[in-house]
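Here is the structure we will look at.
We're numbering straight along the sequence, starting at 1. This one's a predicted model, so the numbers in the text were calculated from it and none came from an experiment.
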Amino acid sequence: MKKTILTALLLFAAAAVFAQSEYNFQRRSLFEKLPVTSKDIVFLGNSITDGGEWNELLANPRVKNRGISGDRSSWILDRLDPIVGGQPRKLFLLIGTNDLAAGTPAAEVVANVRKIVERFQSESPRTKLYVQSVFPVNDSFKKYAAKHGRHDADIVAVNKGLQALCAEKGIVYIDLWTLLADKNGKLRADLTNDGLHLMGEGYIVWRDAVLPYVK
């Protein structure tokens with residue numbers, strides 16, 4: 001009996017770790033009130049996108065940040081209405097690392113990105129779509145090693161799937177992984193202080209990679 005209770009508690013704790021947070025719903029509710037228009041360029045993703053001051057980085061007031069820390073591909077599917085409905089001029093998508101940390105198979109991540117792409121192509125066909133590769137992770141930093149470490153092969157698999165998807169759909173795939181990875185396929189230590197998120201110089205590398213597509 002005690003073993004059963006302990007198992008249930010552990011499962012509940014695990015579910016809580018990977019559940020959508022209060023922050024997620026706070027941001028979603030705010031984004032539902034902030035309009036997206038056909039003149040806008042939207043950056044959509046998780047905490048890595050959320051952490052960028054994109055309109056300043058790109059010197060463009062039309063750029064809108066719709067990243068939410070902790071987000072996953074399936075959760076983005078649930079919050080697309082205000083973005084698709086705004087018919088933005090361009091969309092830059094980066095998603096997948098939290099999916100993998102939660103045990104989502106690489107193929108499912110790619111399938112969810114396909115759904116996102118197809119919804120835009122169906123309901124907002126003038127939106128130019130840019131799918132960015134999932135970033136490498138550096139598990140020599142301990143903070144996120146247990147949750148996000150040991151997914152190097154999965155990240156590569158997702159990125160190969162995303163590249164193939166973009167070729168199929170006739171949209172742009174932006175390979176950021178190559179720019180951010182060291183010789184061992186880990187996130188460059190000079191660009192991060194926790195192994196997962198970017199320091200300022202990391203955002204400059206990212207900015208420089210997407211700038212030609214933003215103009």
Side-chain angles (χ1 to χ4, degrees), residues 14-15 17-21 23-24 27-28 31 42-52 65-81 83-84 91-124 127 129-139 144-181 185-187 192 194-198 202 206 209-210 213:
V17 168
F18 292 119
Q20 283 171 285
S21 66
Y23 179 79
N24 189 288
R27 298 295 284 175
R28 285 176 65 157
F31 293 154
V42 174
F43 277 67
L44 179 61
N46 52 39
S47 59
I48 306 170
T49 297
D50 191 352
N65 191 336
R66 292 297 183 265
I68 298 181
S69 180
D71 222 353
R72 302 185 205 166
S73 58
S74 58
W75 297 349
I76 280 182
L77 281 165
D78 290 336
R79 65 180 181 95
L80 277 183
D81 284 356
I83 304 171
V84 176
L91 178 90
F92 290 81
L93 175 66
L94 172 62
I95 198 67
T97 194
N98 294 318
D99 298 69
L100 298 177
T104 304
E108 186 174 335
V109 177
V110 176
N112 285 338
V113 172
R114 174 183 291 275
K115 292 175 184 177
I116 296 168
V117 167
E118 288 179 347
R119 180 151 182 213
F120 273 94
Q121 290 186 325
S122 173
E123 301 177 31
S124 184
T127 300
L129 302 175
Y130 303 85
V131 175
Q132 301 163 101
S133 62
V134 177
F135 289 5
V137 174
N138 191 328
D139 54 7
Y144 293 104
K147 184 176 177 182
H148 288 274
R150 298 179 295 280
H151 290 293
D152 295 354
D154 295 322
I155 292 171
V156 171
V158 169
N159 287 339
K160 286 182 178 178
L162 295 178
Q163 188 172 15
L165 172 65
C166 290
E168 175 192 339
K169 294 293 184 179
I171 60 179
V172 177
Y173 172 76
I174 303 177
D175 177 17
L176 299 170
W177 188 95
T178 299
L179 296 174
L180 300 172
K186 306 291 186 180
L187 180 59
T192 183
D194 64 10
L196 180 65
H197 301 96
L198 297 178
W206 186 0
V210 299
Y213 302 105

Using a strict threshold of under 4.0 Å (side-chain N to carboxylate O), is an ion pair present between Asp81 and Arg119?
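Counted as a salt bridge, because a side-chain N and a carboxylate O are separated by less than 4.0 Å.
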Looking at Asp71 and Arg27, is there a salt bridge between them, counting it only when a charged N and a carboxylate O are closer than 4.0 Å?
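No, Arg27 and Asp71 are not salt-bridged.
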Can you tell me how far the [atom1] atom of [X] sits from the [atom2] atom of [Y], to the nearest 0.5 Å?
X	Y	atom1	atom2	result
Ser73	Lys115	OG	NZ	9.0 Å
Arg72	Thr97	CZ	OG1	11.5 Å
Ile76	Leu44	CD1	CG	4.0 Å
Asn46	Leu94	CG	CG	5.5 Å

[X] to [Y] - nearest heavy-atom pair and separation:
X	Y	value
Pro136	Ile155	CA-CD1, 4.4 Å
Tyr173	Ser133	OH-CB, 3.1 Å
His151	Leu100	CE1-O, 3.1 Å

Tell me, which pairs form a ring-ring contact (aromatic ring centres under 6.0 Å, His included) where one or both residues lie in residues 92-111, sequence neighbours left out?
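Qualifying pairs: Phe43-Phe92, Phe92-Tyr130.
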Counting C-beta onward and ignoring hydrogens, is there a side-chain heavy-atom pair between [X] and [Y] closer than 4.5 Å?
X	Y	result
Leu180	Thr192	no
Leu196	Leu187	no
Trp206	Thr49	yes
Lys186	Val137	no
Ile68	Phe31	yes
Phe120	Val84	yes
Ile83	Arg66	yes

Determine, step by step, whether Leu91 and Leu129 satisfy the side-chain contact (heavy atoms from CB on, under 4.5 Å) criterion, reporting the C-alpha distance in whole Å, the side-chain angles of both residues, the deciding distance to 0.1 Å, and the verdict.
CA-CA 5 Å; Leu91 178 90; Leu129 302 175; 3.9 Å; yes
When you measure from the side chain of [X] to the backbone N and O of [Y], does any donor-acceptor pair fall under 3.5 Å?
X	Y	value
Asn112	Leu77	no
Ser47	Asp50	no
Arg28	Asp78	yes
Asp154	Ala106	no

What residues form a side-chain hydrogen bond (donor to acceptor under 3.5 Å, both in side chains) with Ser69, not counting sequence neighbours?
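Result, side-chain hydrogen bond (donor to acceptor under 3.5 Å, both in side chains) vs Ser69: none returned.
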Using a 3.5 Å cut-off and no angle test, enumerate the donor-acceptor pairs between side-chain atoms of residues 161-172 and protein atoms at least two apart in sequence or in another chain.
{"from": "Glu168", "atom 1": "OE1", "to": "Arg114", "atom 2": "NH2", "distance (Å)": "2.7"}
{"from": "Glu168", "atom 1": "OE2", "to": "Arg114", "atom 2": "NH1", "distance (Å)": "3.0"}
{"from": "Lys169", "atom 1": "NZ", "to": "Glu118", "atom 2": "OE2", "distance (Å)": "2.8"}

